[in-house]
There are 2 protein chains.
Amino acid sequence: MRKRPVSLKTLAQALSVSMSTVSRALRNHPDISPELTRKVQLLAQELQYSPNPLAMGLLRSQTYTIGVIVPDLVTHFFASIISGIERVANEHGYHIVIRSSYESYQKEKECLADLLKLRVDGIIMCLAQETQEYAHFDALLDAEVPLVFFDRVCRATEVATVVVDNQEAARRITRHFFEGGYRRIAHIAGPASLNITQERIEGYQQALAACGLPFEESLLVHCDLSIASATAATQRLLALPNRPDAIFGVNDTTAFAAMKELKRQGLRIPQDVALVGFTDEFHATVVEPTLTSVMHPTVEIGQEAALLFLEQARAATHPAPRQTILTTQLVVRDSSAPKPA
Amino acid sequence: MRKRPVSLKTLAQALSVSMSTVSRALRNHPDISPELTRKVQLLAQELQYSPNPLAMGLLRSQTYTIGVIVPDLVTHFFASIISGIERVANEHGYHIVIRSSYESYQKEKECLADLLKLRVDGIIMCLAQETQEYAHFDALLDAEVPLVFFDRVCRATEVATVVVDNQEAARRITRHFFEGGYRRIAHIAGPASLNITQERIEGYQQALAACGLPFEESLLVHCDLSIASATAATQRLLALPNRPDAIFGVNDTTAFAAMKELKRQGLRIPQDVALVGFTDEFHATVVEPTLTSVMHPTVEIGQEAALLFLEQARAATHPAPRQTILTTQLVVRDSSAPKPA
DNA sequence: AAGCTTTGCGCAAAGCTTTGCGGAATTATA
DNA sequence: TATAATTCCGCAAAGCTTTGCGCAAAGCTT
């Protein structure tokens with residue numbers, strides 16, 4: 001049995017006063033005499049008193065705790081978003097408790113339920129890939145529990161969200177290829193259900209049109225974001241009678257899987273096929289050739305999400321859901337060097 | 001103002017019975033009549049009652065919450081350890097609240113203090129790189145708060161720890177080089193203060209001796225685990241009058257920085273200089289040449305740490321600290337192919 | 001000196017749960 | 001039928017904190 005930490009009662013008994021007096025003294029209430037106040041604060045300091053958050057939580061219905069649900073804890077993308085959330089949460093006195101949905105709809109519901117049972121003050125999350133029904137958020141919305149989605153979102157009119165401008169990013173990539181002299185630009189997209197997939201496809205198509213290139217069905221392939229599936233998608237593209245001269249992968253895993261497959265088939269990058277991915281700095285610079293990629297402002301996504309939470313948590317009345325759109329950055333490296341004339 | 005969730009009081013009032021009766025009914029206490037029990041449970045179900053963990057925490061002095069402190073949230077190594085912790089913690093009804101020490105001693109103390117104020121049931125952590133004093137753990141030890149260190153440890157006789165067999169791993173790498181025909185084997189080590197650094201150096205030296213190779217001071221260089229510092233360390237090695245033909249980097253960042261620097265200087269891997277790192281699968285397979293490396297059982301480290309916590313949390317009396325040593329795996333890839341005769 | 005205002009502190013309730021004990025009503029016993 | 005034994009439920013305390021209200025003692029006024 002661990003001994004209980006010092007409480008108001010400990011202090012009160014030690015000083016032979018009531019708990020209310022101790023409580024007031026600690027908060028410098030004018031009702032308490034200066035000498036007593038000093039004595040109390042001194043003892044509190046000495047005994048390292050710190051108010052019990054459980055009692056405070058009970059009183060105020062506030063735990064200063066944010067539930068964070070991500071599809072996956074290991075991926076650099078999510079890890080650094082969590083890092084961003086953690087930083088601003090801590091700066092504002094909040095703790096974060098983390099759960100992974102493992103991209104599963106069932107697990108996502110479980111996590112949500114568990115965190116609510118824990119009485120978190122709000123939820124910051126990214127939808128699981130499987131999730132197509134959104135009824136499990138009704139309870140939160142009804143209870144006006146602060147909720148923030150990032151990256152993968154739904155019900156954007158009801159929930160605060162932070163996303164990146166996927167269309168713009170996809171347009172920029174496509175244009176970048178075009179300007180480099182590439183004309184058969186393929187796109188390995190993600191699952192059709194994800195909003196990020198749709199937006200990037202739209203941007204891709206918009207840019208093709210703007211560049212005067214036709215949209216060829218066969219140059220748009222889907223994968224489920226796994227390595228195997230991305231590899232298969234690449235193979236489908238390369239098996240085309242008229243294969244693409246540029247590939248734009250929808251994310252990290254996809255881009256690297258594509259790169260490996262290209263190398264395996266003896267194709268040179270970018271001479272035979274140029275490549276661009278959505279990925280993060282460390283990976284992109286370590287491969288050969290270095291990978292041109294759209295960098296997500298991951299830490300900022302997390303920070304912004306936490307700020308949106310705080311905004312809701314502090315508001316007296318439930319504020320209108322705000323949408324934050326962050327811009328990405330296209331970092332040009334070797335894998336998309338201009339085509340030699 | 002969010003409305004309060006349903007409590008025993010809600011149910012009690014709805015059924016015109018006392019809260020104690022509701023409480024007993026929910027736990028199938030024999031004192032309560034079967035019909036009433038049924039009615040109570042039905043209503044509880046319907047209203048989605050779930051006991052308030054704050055009240056329970058107050059009562060039992062238990063929050064079912066584990067504080068996790070890592071030096072860095074973004075690194076794959078820590079991210080996947082967290083993933084392991086999360087999994088077994090959740091399986092056993094615990095939540096984890098995460099903090100990053102940013103490798104800072106000051107921050108580490110802050111995190112520790114904050115988590116204790118939060119009344120976590122225990123702490124699982126990895127020491128910050130800066131941390132050299134360990135007095136801030138006295139309070140935990142005195143209060144018998146379950147504490148588990150992983151990877152970087154201290155006070156191993158007092159605290160449960162989970163580590164990998166660094167000596168063995170270093171020996172294996174060195175032997176692997178030797179068997180491949182390499183004779184001037186260098187080691188880029190980490191900060192001398194870290195136990196992992198020391199252990200790997202010892203293993204390195206043991207294996208050199210076992211292979212009948214001399215230990216040359218100049219082939220052992222230190223870095224602080226940053227990219228810049230690892231690059232500089234590599235440069236020092238390559239500037240040697242008699243440069244090494246094999247390099248063994250102390251971790252992820254180091255190995256890749258070394259690889260980049262080797263390439264930059266136009267050296268071929270492994271023909272001119274072979275390379276082995278401590279790293280994780282994804283990175284290692286994506287680079288060119290693929291990197292031979294010692295793989296940490298990261299998820300297992302996390303799982304094992306959580307199990308050690310549970311062991312302490314469940315023990316009636318404070319158990320003797322247990323040391324878990326996990327074995328690593330040397331995955332041979334292209335960067336250390338045998339030297340052609 | 002009698003009455004009024006301050007000053008300084010304690011009581012108790014609320015927030016939620018569990019649990020020992022007591023008590024009323026019902027049933028069984030003599 | 002009066003008494004003993006069940007049966008079934010409520011009171012209250014404990015765990016910790018805050019806060020409205022009350023109360024005693026001290027200070028002040030005239």
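By convention in this document, chain letters (A, B, ...) are assigned in the order of the sequence lines, proteins followed by strands, and residues within each chain are numbered from 1.
Taken residue by residue, residues 40-57 of chain B places heavy atoms nearer than 4.0 Å to DNA chain C at B/Y49, B/P51, B/N52, B/A55, B/M56.
Look at CZ on A/R60: it is 18 Å from P on D/dC16, rounded to the nearest Å. In this structure, CG of B/L59 is placed 12 Å from P of C/dG20, rounded to the nearest angstrom. The NZ atom of A/K9 sits 12 Å away from the P atom of D/dA13 (whole-angstrom rounding). Straight-line distance from the CG atom of A/L11 to the C1' atom of D/dG15: 16 Å, rounded to whole Å.
Taking the six-membered ring where the residue is Trp, the centroids of B/Y105 and B/H136 are separated by under 6.0 Å. Side-chain rings of B/Y134 and B/F149 stay apart, their centers remaining 6.0 Å or farther from each other. Aromatic rings from A/H95 and A/Y64 are positioned such that their centres are separated by 6.0 Å or more.
For the 3.5 Å distance criterion, the side chains of B/T63 and B/R119 fail to qualify, holding no donor opposite an acceptor. In this model, a donor atom of one side chain and an acceptor atom of the other lie less than 3.5 Å apart for B/N90 and A/R99.
Under the side-chain contact (heavy atoms from CB on, under 4.5 Å) criterion, B/T37 pairs with B/A25, B/N28, B/I32, B/Q41, sequence neighbours left out. Partners of B/Q323 according to the side-chain contact (heavy atoms from CB on, under 4.5 Å) rule, which considers only residues two or more places apart in sequence or in another chain, are B/A156, B/T161, B/P321. Listed by chain and number, the residues in a side-chain contact (heavy atoms from CB on, under 4.5 Å) with B/V17 are B/L15, B/T21, B/V22, B/L36 (sequence neighbours excluded).
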Legend entry - Secondary-structure string, 5' to 3', Watson-Crick or G-U under 3.5 Å, | for another-strand partners, for DNA chain D: ||||||||||||||||||||||||||||||
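B/K109 and B/E133 are not joined by a salt bridge, as no carboxylate oxygen comes within less than 4.0 angstrom of a charged side-chain nitrogen. Between A/R155 and A/D138, at least one side-chain nitrogen of the basic residue sits less than 4.0 Å from a carboxylate oxygen of the acidic one, meeting the salt-bridge criterion.
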Inset, instruction - Any chance you could list the contact pattern along nucleotides 5-10 of chain C? Use B for base contacts, S for sugar-phosphate-only contacts and - for none, protein heavy atoms under 4.0 Å, 5' to 3'. - result: ---BBB
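Counting non-hydrogen atoms under 4.0 angstrom, B/S7 reaches the backbone sugars and phosphates but no base.
Between the side chain of B/R152 and the main chain of B/L127, a donor-acceptor pair closer than 3.5 Å is present.
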